[in-house]
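Single-structure report; data block below.
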Amino acid sequence: VAPQLDAVRMSIAVWPWGSYLGDRAETEGCRLIVSNWQRNSHQTVPPLAKATGAYVNSALAKVGAQRAGYDDALMLTATGHIAEASAANLFVVRDGALFTPPVSDGILPGITRDSVITMARDLGLEVTERSIPRSEVYIADEAFLTGTAAEIVPVASVDERPLGAGGAGPVTKQLRELFRDVVGGRHDGYARWLERV
Ligand SMILES: Cc1ncc(COP(=O)(O)O)c(C=O)c1O
């Protein structure tokens, strides 16, 4: 409990990884449940840090959701706003505009979230970072999760309430196709994001 500042060492491991939430989630969308475990708050474990210990919080939510038969959990803040999934950020689409929870709501500000915000704005879509109450997700036209592992995965339902027409809605599809082109090096406009190895 008294870690001292030590030299930082880093290594990078690379391995093949299938779809993070499973192939069904990729095509039909993932099924989410709101967890009764609250997301770490800014007063407990800094949520902005991708710190190993903080992941007990995510693990409790994820394992609880899987045992209940869902793909992943959405975690709330102490005030009942949606923060994020166990290891991915959330976007909702209403009337063609995108909304995503702000950093002040205890999210990890994911690099994929950041990329999606940039790509969406480049496509002329409106993106607003603001608090999202639980019930607003139920009436979203579309929703999707973002993360390095998850990439962009459509949300099929939250708490058994289906979203949109099932599968990826038009905005999710448009962003997912662009994202795949970008990470696959097929889009010159975002070449600055890629590092050739
Ligand atoms: C808690 C949490 N939120 C969001 C994300 C998505 O972040 P990124 O897009 O940087 O992978 C992750 C990824 O691991 C995460 O663990």
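Start at 1 and go down the list; that is how both ligands and their atoms are numbered.
- Between Arg94 and Glu136 there is a salt bridge, with a side-chain nitrogen of the basic residue lying less than 4.0 Å from a carboxylate oxygen of the acidic one.
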N/O pairs closer than 3.5 Å, ligand 1 and protein:
residue  : atom   : partner : partner atom : Å
ligand 1 : 3 (N)  : Glu84   : OE1          : 2.6
ligand 1 : 9 (O)  : Ile111  : N            : 3.3
ligand 1 : 9 (O)  : Thr112  : N            : 2.9
ligand 1 : 9 (O)  : Thr112  : OG1          : 2.6
ligand 1 : 10 (O) : Ile111  : N            : 2.8
ligand 1 : 11 (O) : Thr148  : N            : 2.8
ligand 1 : 11 (O) : Thr148  : OG1          : 2.5
ligand 1 : 14 (O) : Lys50   : NZ           : 3.1
ligand 1 : 16 (O) : Tyr55   : OH           : 2.4

Using the rule given for side chain to side chain contact (heavy atoms under 4.5 Å, CB included), can you reason through Glu160 versus Arg31, listing the C-alpha separation, both sets of side-chain angles and the distance that settles it, and then say yes or no? CA-CA 8 Å; Glu160 297 291 343; Arg31 296 174 59 246; 3.0 Å; yes
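- Geometrically, Arg130 engages Phe99 in a cation-pi contact, judged by NZ or CZ lying under 6.0 Å from the ring centre and within 45° of the ring axis.
- Side-chain atoms of Glu84 and Thr100, non-hydrogen and from C-beta on, never get closer than 4.5 Å to each other.
- Taking the side chain as every heavy atom from C-beta outward, Glu151 and Thr146 never approach each other to under 4.5 Å.
- In this structure, Lys173 forms no cation-pi arrangement with Phe179, as its terminal cationic atom is not both closer than 6.0 Å to the ring centre and no more than 45° off the ring axis.
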